[in-house]
Amino acid sequence: MIIKTIAYNTFKETVRDKILYNILLFALGFSILSGIVSQWSLNQEEKVLQDFGLTIISVFGILIAVFIGIGLLYKELDNRTIYTVLSKPISRGQFLWGKYFGLVLTLAVNFTLMAAGLLSVLWLFTGLLKVTLLIAVGMIFFQMTILVAVSLFFAVYASPVVSVVLTLFVFLAGNFSADITMLNPGIENPLFMSILNVLFYVIPNFSLLNINSQIVHNLPLNYIELIWSIVYSIAYSAVLLVFGSMIFNRKNLK
Amino acid sequence: MIKLENITKWYSKGFIPKKVEILKGVTLTVNKGDVFGYLGPNGAGKTTTIKILLNLLKSDKGSAQINGIDVTNPKSRQSVGYLPEQPCYYDYLTGKEFLDYCGSLFRIQKQSLQKKIDELLEKVGLENARNTHLRKYSRGMLQRIGIAQALINDPEVLILDEPLSGLDPHGRKDVLDIIIEQKNKGNTIFFSSHILADAESLCDKIGIINEGVLIAEGDIDTVLDRESASAGVEIVYTTDLTGIYEEFGKFGNIDKLQENKYRLTMEDKYHVNDILEKLISSGAEILSVNRHRLTLEELYLKKIR
């Protein structure tokens, strides 16, 4: 109930924030641009447009997850609106979870709009109505839910700039974390190997949730694997938020 | 009831962190129904104490409780209303939406919450601004909506941080009326202030804090009587003799009340009988002899030097 109240208020804040509309307008602009650019590719219009479209959704998803996520928490602390909320009978954990779900709701609405935009642009420029693209968009959405948790985890104790840098670093590292296992056979130093193994488990594995090329190239999907990837993203976010709440609980709000 | 026991708080300051003690073992109790004025200059530790009571800051030593529940437990804030020093609220919400949000955080039922919101908006004179975004509110209006949110849960304990600062006379009167109304309801009020006249008229109890140390605390009359014990004696007398003014000026302050009527506020180091004898032998007529009672302002200035 309390988490729902905070989540709804967070969603309201993002909806009434002009930045979100700017991001959405840019996303729409880029989608149309990708439609125009795809016309120059020889017999590859559909694939180029899908690739381009999914990349745009990822980039704008990152912008929402990282910048709005960190910005919202920072604003609460900087404007001291958090005093009014935390002086009520709620825990800091409930506050953080509320913020998280509010941001996830914002992402869900935006992803719905961006997905609709992508399908429309694809249909307009190529006449193709490819509903399976929604699965790829959905998996990007789950990547972003992890990224929101990462950005809130850093934002509870670090400055906004440091939080943005660290979150983007985790995102980049998380996209290459699967490569760590491939490096293993070539490494002889056991200490270095242990560090790599720890990193593999600590850094979120975003590549698990990236099925863009399979969708674009119409390759078969392993749905069981997809479900486990979604479970992984939920579990990872939950663990991170539990740790984030513990840190936030010890923070002095000056 | 509010109870603070040996509350100590440090901050680290500077590039090479240096520990600065903001609160030095503050112990105080505010009983149910008391109106407690927490007084002190800027930087004395008033807001820090309030933030510890609301668990916004963690004390480094000691314990704090509200209604017998440790302040680290969110349940301790179930019957607390809080007005922050700076009215910083969600400017994208309207007055009504803001109160709705605050009430929901107390898990108040939707129907009774709507009724309460209407009642509070009327009480603080914002019924016409209910659908206006808070970003368009003036400083006084923000203070009023702040008071409304502090009362949304019918609190048994009100914690008000400088509730009268930055308000025009009309706004001050309204806020004072609300505090008096809460006092008459038997609610506990803990408020910090610089404005001593208001504190003197409202409070049953006071605490004066300076540099993190509680230097005076207790029932306002008891504290003033206790501190007045060393404040000297007032002798009111009449005389038409010239020169007597200068002669007795060395024993204390002489104020001319009327033509030929004077008040000597005498320091305690002199013996009253000796001075009275001297006055009578100089031809003065003694009208009254009283122990001087300090005002809250005099006490405050005496303590905070």
Side-chain angles (χ1 to χ4, degrees), chain A residues 1-22 68 71-99 101-103 105-106 156-157 159 245-254, chain B residues 9-12 22 47-48 50-60 66 69 71-94 97-109 133-135 142 145-146 149-150 152-153 155 159 161:
Chain A
M1 167 71 178
I2 292 293
I3 292 174
K4 197 177 122 193
T5 302
I6 296 168
Y8 180 61
N9 189 53
T10 305
F11 176 67
K12 207 182 253 182
E13 182 174 3
T14 56
V15 167
R16 292 182 184 181
D17 197 336
K18 284 175 190 154
I19 296 174
L20 191 69
Y21 295 105
N22 291 337
I68 294 186
L72 277 189
L73 196 62
Y74 176 71
K75 247 165 66 182
E76 288 266 9
L77 294 165
D78 194 48
N79 294 344
R80 299 172 187 183
T81 45
I82 198 167
Y83 292 176
T84 312
V85 180
L86 292 184
S87 63
K88 310 286 184 273
I90 66 162
S91 70
R92 295 190 185 186
Q94 285 174 315
F95 177 79
L96 200 65
W97 279 93
K99 283 272 150 204
F101 284 120
L103 284 163
L105 185 59
T106 305
V156 294
Y157 61 89
S159 71
S245 300
M246 283 158 72
I247 296 167
F248 193 37
N249 209 27
R250 296 164 64 97
K251 190 180 173 83
N252 278 313
L253 301 169
K254 289 176 188 169
Chain B
K9 179 73 194 165
W10 294 296
Y11 280 139
S12 292
I22 302 292
T47 299
T48 302
I50 287 175
K51 283 187 181 174
I52 287 172
L53 274 174
L54 296 162
N55 198 37
L56 298 170
L57 288 176
K58 312 280 174 183
S59 63
D60 293 304
I66 297 177
I69 305 170
V71 294
T72 53
N73 184 344
K75 283 181 184 162
S76 68
R77 300 187 287 279
Q78 185 63 46
S79 53
V80 172
Y82 165 60
L83 176 73
E85 186 180 0
Q86 304 281 340
C88 304
Y89 309 121
Y90 298 98
D91 60 5
Y92 56 89
L93 295 179
T94 64
E97 285 173 335
F98 176 60
L99 293 182
D100 192 49
Y101 180 47
C102 292
S104 304
L105 295 176
F106 281 104
R107 303 166 180 86
I108 302 172
Q109 293 282 316
H133 285 104
L134 297 188
R135 69 169 72 94
L142 284 174
I145 200 79
Q149 65 81 31
I152 194 86
N153 58 327
I159 299 176
D161 198 355

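Note that the structure is a prediction, hence the values are computed from the model and not measured. Keep in mind that the numbers below use all heavy atoms, side chains included, and drop hydrogens, waters and symmetry copies. Labels below follow one simple rule: chain letters A, B, ... track the order of the sequence lines, proteins then strands, and each chain is numbered from 1.
- Top candidate by heavy-atom pairs under 4.5 Å with chain B, chosen from A/I82, A/I6, A/N9, is A/N9.
- For the pair A/I2 and B/S104, the tightest heavy-atom approach, listed with the atom from each and the gap, is CD1-O, 3.8 Å.
- The shortest side-chain heavy-atom distance between B/L57 and A/L253 does not fall under the 4.5 Å cut-off.
- Taking CG of B/D91 as the start and OG1 of A/T81 as the end, the distance is 9.0 Å to the nearest 0.5 Å.
- Between A/V85 and B/Y101, some side-chain heavy-atom pair lies under the 4.5 Å cut-off.
- Only the backbone of A/K251 comes within contact range of chain B, judged by heavy atoms closer than 4.5 Å.
- Shortest non-hydrogen contact noted between B/C102 and A/T84 is SG-CG2, 4.3 Å.
- Within the 4.5 Å cutoff, the side chain of B/L54 has no heavy atoms near those of the A/L86 side chain.
- For A/Y83, there are no ring-ring contact (aromatic ring centres under 6.0 Å, His included) partners two or more places apart in sequence or in a different chain.
- Considering A/E13, A/E76, A/K12 in turn, A/E76 is the only one that fulfils the side-chain hydrogen bond (donor to acceptor under 3.5 Å, both in side chains) rule with B/Y90.
- For the atom pair OG of A/S87 and CG of B/L83, the computed distance is 9.5 Å after rounding to the nearest 0.5 Å.
- Considering only heavy-atom pairs separated by less than 4.5 Å from chain A, the leading option among B/L93, B/N55, B/V80 is B/L93.
- Proximity to chain A involves both the backbone and the side chain of B/K58, based on heavy atoms less than 4.5 angstrom apart.
- Within the 4.5 Å cutoff, side-chain heavy atoms of A/K88 are placed close to those of B/Q149.
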Report task. I would like to know whether B/R77 and A/I90 meet side-chain contact (heavy atoms from CB on, under 4.5 Å); could you show each step before the answer? Result -> CA-CA 8 Å; B/R77 300 187 287 279; A/I90 66 162; 5.6 Å; no

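- Of the atoms belonging to A/N79, it is backbone heavy atoms, and not side-chain ones, that fall under 4.5 Å from chain B.
- In this structure, chain B has a heavy atom under 4.5 Å from the side chain of A/R92, while its backbone stays farther away.
- Using a 4.5 Å heavy-atom cutoff, the side chains of B/P74 and A/Q94 are not in contact.
- Heavy-atom contacts from other residues, nucleotides or ligands closer than 6.0 Å to OH of B/Y11 number more than 12.
- Scored by the ring-ring contact (aromatic ring centres under 6.0 Å, His included) test, A/Y74 finds no partners at all (sequence neighbours excluded).
- Between B/E85 and A/R80 no salt bridge is recorded (no basic side-chain N to carboxylate O distance below 4.0 Å).
- Neither the backbone nor the side chain of B/L53 comes within contact range of chain A; no heavy atoms are under 4.5 Å apart.
- A donor-acceptor contact closer than 3.5 angstrom links the side chains of B/K9 and A/N252.
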